[in-house]
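One structure below.
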2 protein chains.
Amino acid sequence: MTAPTGRRERKKAATRQKIADTALRLFLARGYDTVGIREVAAEADVAVTTVFAHFASKEALVFEQDQDFEQRLARAVTDRAPHEPLIPALRREVLALVHHCTADGAAPVRQLIEGTPALREYEESMRLRHAESLAVAIAADPELPQSTTACRTIARFAIDAYTLACEAADPQAAVDEIFRMIEAAWEVACPPPHA
Amino acid sequence: MTAPTGRRERKKAATRQKIADTALRLFLARGYDTVGIREVAAEADVAVTTVFAHFASKEALVFEQDQDFEQRLARAVTDRAPHEPLIPALRREVLALVHHCTADGAAPVRQLIEGTPALREYEESMRLRHAESLAVAIAADPELPQSTTACRTIARFAIDAYTLACEAADPQAAVDEIFRMIEAAWEVACPPPHA
DNA sequence: ACCGTAACACTAACGGTTAGCTTTTCAAAA
DNA sequence: TTTTGAAAAGCTAACCGTTAGTGTTACGGT
């Protein structure tokens, strides 16, 4: 179902990839702030306007892989097994995402992001957008008839868990600890019928 | 105790105030994005460089009043009565801050912020800085010997409460609802000795 | 073979921000 | 009072991310 990719789409994808690779290479080698867009474009042998045709901003060049982050969280909620409780499903997905971003291969990029304020800000803005769409997914669940505020709250808490766990010394333990807190918060907002 | 303010400091403060007032007036009248820094400077009758000598960025012009937000949260923790539990003290302060920012007088400015993506982003970045310093204040409390992760988690939750409550239809009710959740989360992270 | 259009290039500009340097203005030492 | 040091403000010119305007090329469907 990947469709017969024509030469056109292949070339486009290649250009995009070349830009992203070049940018990341230069950023890692010499630092994000000291490498300009004009230089990235020159090194990738494309026009500056082409860079912005493929990426919405300079920061977006660094977060090329994380496109599906948003969808994965929402789907963890909407596609979970019938009658499966919300929080454990959320916890599982957050843990997977944390593992993905603390993997050994991602270390240099993580370091680049952590050491560049502009990138940290950009990432946090992304996360907040993710929280909003997660809140919508939670609110849309017919099995959970609670307030909009509670949905948005839990969504933000989950994003907080992800962010904090990524920075923690022991990410796995951090996810466990924070989700114990989230579980308690959720039970207060939406008391289960079992008790 | 305001000290004998010399002419110099008075003039400096006056310049700063004039810039901030002019900027806010123009932004409210014609929109944030359509008013340039050069125009603000001209209207305030100062040089562009002077604007940036007083404010770190264009966005900072809008958040002139909120300087002490950060301190107030930290102090609500450090200066609370001996043996007073953490969460109620935090709740009280957050509620006060929410009231302050949803007051009638602040309505036009809030509307300006909500309607300008650049300002929303900037505000969120501020909040995260506030969360960090709040986390430090919580971690420094000798009565609460728990993990760094728990401190940072609660700090972010409190900031989330502020943000969500400011946007909610009924801010007071939102603070109540969210802090019930936070209370539960805190008790799991730091079980009180009473039970 | 032809045409519509998506992808890309080029130039020039806009707006936020900063560096470098000069001028003004206050405060306190001399 | 006069001198002097420094903070505050000004001016110019630029840097950098980003966008608009305008072509040009190369592909894909007819």
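Treat the numbers as computed from the prediction; the structure is a model and nothing was measured. Proteins come first, then strands; the chains are lettered A, B, ... in the order of their sequence lines, and each starts at number 1.
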Are Phe157(A) and Phe179(A) an aromatic pair, judged by ring center distance below 6.0 Å? no
Does a side-chain N or O of Thr15(B) approach OP1 or OP2 of dA9(D) to a distance below 4.0 Å, or not? yes
Below 30° counts as parallel, above 60° as perpendicular, anything between as tilted: where do the rings of Tyr162(A) and Phe69(A) land? perpendicular
Check every strand shown and say whether Asp45(A) touches a base, only sugar-phosphate, or nothing at a heavy-atom separation below 4.0 Å. sugar-phosphate
Take atom CZ of Arg30(B) and atom P of dG15(C), then tell me their distance rounded to the nearest Å. 11 Å
Contact class for Val48(A) vs. all strands (heavy atom < 4.0 Å): base, sugar-phosphate, or nothing? base
Where the side chain of Asp170(B) meets the backbone of Ala173(B), is there a donor-acceptor pair that is under 3.5 Å apart? yes
Could you tell me whether Val35(B) contacts a base, only the sugar-phosphate backbone, or nothing, with contacts defined as non-hydrogen atoms closer than 4.0 Å? sugar-phosphate
Side chain of Ser147(B), backbone of Ala150(B): donor and acceptor closer than 3.5 Å? yes
Quickly work out the Lys58(A) NZ to dT18(D) C1' distance and round it to whole Å. 12 Å
Take Arg38(A) and Thr50(A), find for each the nucleotide of DNA chain C with the closest heavy atom, and name the residue whose nucleotide sits nearer the 5' end. Thr50(A)
Could you write out each protein N or O paired with an N or O of nucleotides 21-26 of chain D at a distance under 3.5 Å?
none

The nucleotide from dT17(C), dC8(C), dA9(C) with an atom nearest the side chain of Val46(A) is dA9(C)
If the cut-off is 4.0 Å, is His54(A) near the phosphate of dC8(C), judged by side-chain N/O to OP1 or OP2? yes
Round to the nearest Å and state the distance from Leu119(B) atom CG to dG16(C) atom P. 12 Å
To the nearest angstrom, the CD1-C1' distance between Ile37(A) and dT19(D) comes to 13 Å
Can you check the Ile19(B) CD1 to dA8(D) P distance for me, whole Å? 13 Å
Using whole Å, what does the distance between atom C1' of nucleotide dG15(C) and atom CG of Leu61(B) come to? 14 Å
Let me know the distance between CZ of Arg10(A) and P of dC8(C), rounded to the nearest Å. 14 Å
Checking side-chain contact (heavy atoms from CB on, under 4.5 Å) against Tyr122(A), which of Glu59(A), Arg127(A), Lys58(A) comes through? Glu59(A)
For Phe55(B) and dG15(C), what is the distance between atoms CZ and P respectively, to the nearest whole Å? 21 Å
CZ-NE2 distance between Arg72(A) and His100(A), expressed to the nearest 0.5 angstrom: 7.0 Å
Quick one, Val109(A) and Ile113(A) - any side-chain contact, counting heavy atoms below 4.5 Å? yes
